[in-house]
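This structure is a prediction, so every number in the text was calculated from the model and none was measured. Lettering of chains follows the sequences in order, A, B, ..., and the numbering in each one begins at 1.
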Amino acid sequence: MIRFDNVSKIYPGSLTALQKVNFHLEKGEMAFLTGPSGAGKSTLLKLISMLERPSAGDVFFNGQNVSKISKTEIPFLRRDIGIIFQDHRLLVERTIFDNVALPLIIKGYTAKQVKNRVLAALDKVGLYNKAKCYPPMLSGGEQQRVGIARAIISRPKLLLADEPTGNLDPQLSMEIIKLFEEFNRAGTSVLIATHDLGLIAKMRYRTLRIKQGEMCNDELQGI
Amino acid sequence: MNKQSKRADASIIKRIQIRGQQHIHQAISSLTDVWRTPIASLMTMLVLGVSLALPSTLYVVLKNSQTVSQEWTSPTDINLFLKKDLPESRYKNLLQRLKTYKEVDSFEYISKEQGMAEFKRSSGLVSALTLLDHNPLPAVVVVTPKPYYRSSIAAQELLAKLEREPEVQQGKLDIMWLERLEGIISIFSDAVLVVSVLLLSSVLLITGNTIRLNILSNRAEIEVLKLVGATNSFVQRPFLYTGFWYGAIGGILAWLVTVFMVYWMEDTVVNLAQLYNTEFDIEGLVFSEIMLLFITAIGMGLSSAAISVNYYIAKIEPS
């Protein structure tokens with residue numbers, strides 16, 4: 001699903017964020033990406049969703065070399081990836097329903113299809129009765145679940161989550177991870193960036209560890 | 001891959017239908033966005049309306065003054081003074097030839113005797129004139145050109161042509177004042193053009209700037225839309241529709257202001273016309289002109305939005 005081939009990312013001002021990173025996430029696999037703050041976790045996720053382009057090396061998504069695609073193709077690539085952010089990135093002036101519906105509206109679904117699928121997704125994350133609320137009326141955990149509903153609504157091939165449990169207590173975090181597991185069982189590949197080591201320890205998943213921009217430990221390889 | 005082929009299979013009609021739905025949805029939601037900030041939106045629309053109302057009112061004035069100059073046709077009559085001492089048959093010959101001129105609408109032959117009689121009547125010099133032993137007046141043909149040949153240049157060309165007729169001694173066209181009037185009208189129409197161009201470019205800048213501010217204040221939303229896979233054209237559309245609505249409503253305002261200004265001027269014009277003993281009604285904007293005004297307004301709104309959108313939407317990228 002994702003393959004990094006000697007990928008480096010150097011920001012202007014010669015700040016090296018990633019250095020010759022190699023890894024391969026299989027189709028339908030679920031993995032954690034971990035490492036201390038500033039190690040390059042976010043940069044790695046940004047390279048997959050083409051928010052950044054690599055300085056060297058190739059990033060493959062679904063067999064396609066995304067570091068070579070044109071600007072006009074990027075939106076269509078992103079439609080196959082559901083992204084979840086620590087700061088949720090919800091539109092505060094739109095209802096929960098509208099927020100979750102965005103990816104479907106972009107893809108041009110009919111109003112009826114949108115309604116059915118949005119309500120189903122909200123039901124899955126336990127926010128069915130909050131459809132008409134606005135994001136500021138919801139708690140942090142609830143907003144995070146809205147973000148998840150938005151990310152999975154168009155049934156993407158891959159889910160990327162950047163610190164999805166950042167501000168949540170352990171119990172809520174566990175619930176969120178359980179949701180990811182559920183989507184993973186339905187066939188979606190999942191990559192979760194987190195520095196919540198306690199959470200990772202409770203789960204038995206492959207863990208990619210990066211430190212100062214280098215992939216230092218890929219636990220699957222160790223086993 | 002499977003999904004791709006399925007998407008291609010979806011009938012074209014269905015896709016057009018969906019695209020149409022998207023457009024309607026975005027058009028309506030931009031209109032509600034416009035109403036969400038009523039004061040700011042109204043100001044932009046007023047700028048558009050007033051800026052367009054001025055050229056369109058000037059245009060109405062111009063159009064009517066052109067009508068006036070065309071209606072006063074008699075001064076463009078051409079007087080042909082015929083050579084004396086020619087037999088009457090030569091004059092008849094000339095009149096026959098005049099009938100074949102395509103430029104000539106009608107003409108009137110005034111013989112020496114008729115001319116004398118009229119001169120006596122109008123000058124009051126009856127006793128003095130009877131002292132003359134012969135009639136010094138030439139025979140005259142008053143030629144009225146067809147409307148198309150009444151402009152000063154065409155009338156002058158016709159005059160030169162008529163003067164080449166062998167029976168004609170001299171032709172005369174009283175066009176000085178007509179030339180002056182046309183000169184004034186053409187200066188005025190140039191001024192209208194310049195004012196219109198200046199106002200329209202300021203409209204373009206003002207509306208473009210408003211749309212730019214709209215885009216910047218929706219930065220977060222644009223970023224999120226791009227994150228979930230919206231194409232640039234999808235992100236642009238609401239702003240283009242906003243420009244469209246600014247133009248459409250601004251156009252209606254421009255029309256209303258023009259109607260009001262014409263109504264307001266009408267009294268003054270009617271008073272002036274009465275001083276000249278003429279009946280005159282101002283003709284306001286006709287249907288095709290109103291449509292042109294709307295199309296211009298919408299075009300201005302759309303193009304200023306397009307300029308801002310092209311420049312700024314591409315610049316906003318999520319991070």
Side chain, backbone, both or neither of A:Ile105 within contact of chain B (heavy atoms, under 4.5 Å):
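The answer is both parts of A:Ile105.
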Is A:Ala111 in contact with chain B via its backbone, its side chain, both, or neither, using a 4.5 Å heavy-atom distance?
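Backbone of A:Ala111 only, per the 4.5 Å heavy-atom cut-off to chain B.
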Partner residues of A:Phe180 under the ring pair (Phe, Tyr, Trp, His ring centres under 6.0 Å) criterion, sequence neighbours left out:
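A:Phe180 satisfies ring pair (Phe, Tyr, Trp, His ring centres under 6.0 Å) with no other residue.
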Heavy atoms of other groups near [X] [atom1], more than 12 under 6.0 Å:
| X | atom1 | result |
| --- | --- | --- |
| B:Glu266 | CD | yes |
| A:Glu93 | CD | no |
| B:His23 | NE2 | yes |
| A:Lys124 | NZ | no |

Please list, in residue-number order, every residue in residues 241-256 of chain B that has a heavy atom less than 4.5 Å from any heavy atom of chain A; write 'none' if there are none.
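Within residues 241-256 of chain B, no residue comes under 4.5 Å of chain A, counting heavy atoms only.
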Using heavy atoms and a sub-4.5 Å threshold, report which of residues 210-239 of chain B line up against chain A, by residue number.
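Listed by number, the contacting residues are B:Ala220, B:Glu221, B:Glu223, B:Val224, B:Leu225, B:Lys226, B:Leu227, B:Val228, B:Gly229, B:Ala230, B:Thr231, B:Phe234.
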Select, from A:Gly108, A:Pro156, A:Gly82, the one with the greatest count of heavy-atom pairs under 4.5 Å involving chain B.
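When all of A:Gly108, A:Pro156, A:Gly82 are compared, A:Gly108 has the most.
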For chain B, which residues of residues 39-65 of chain A have heavy atoms nearer than 4.5 angstrom
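Contacts with chain B: A:Lys46, A:Leu51.
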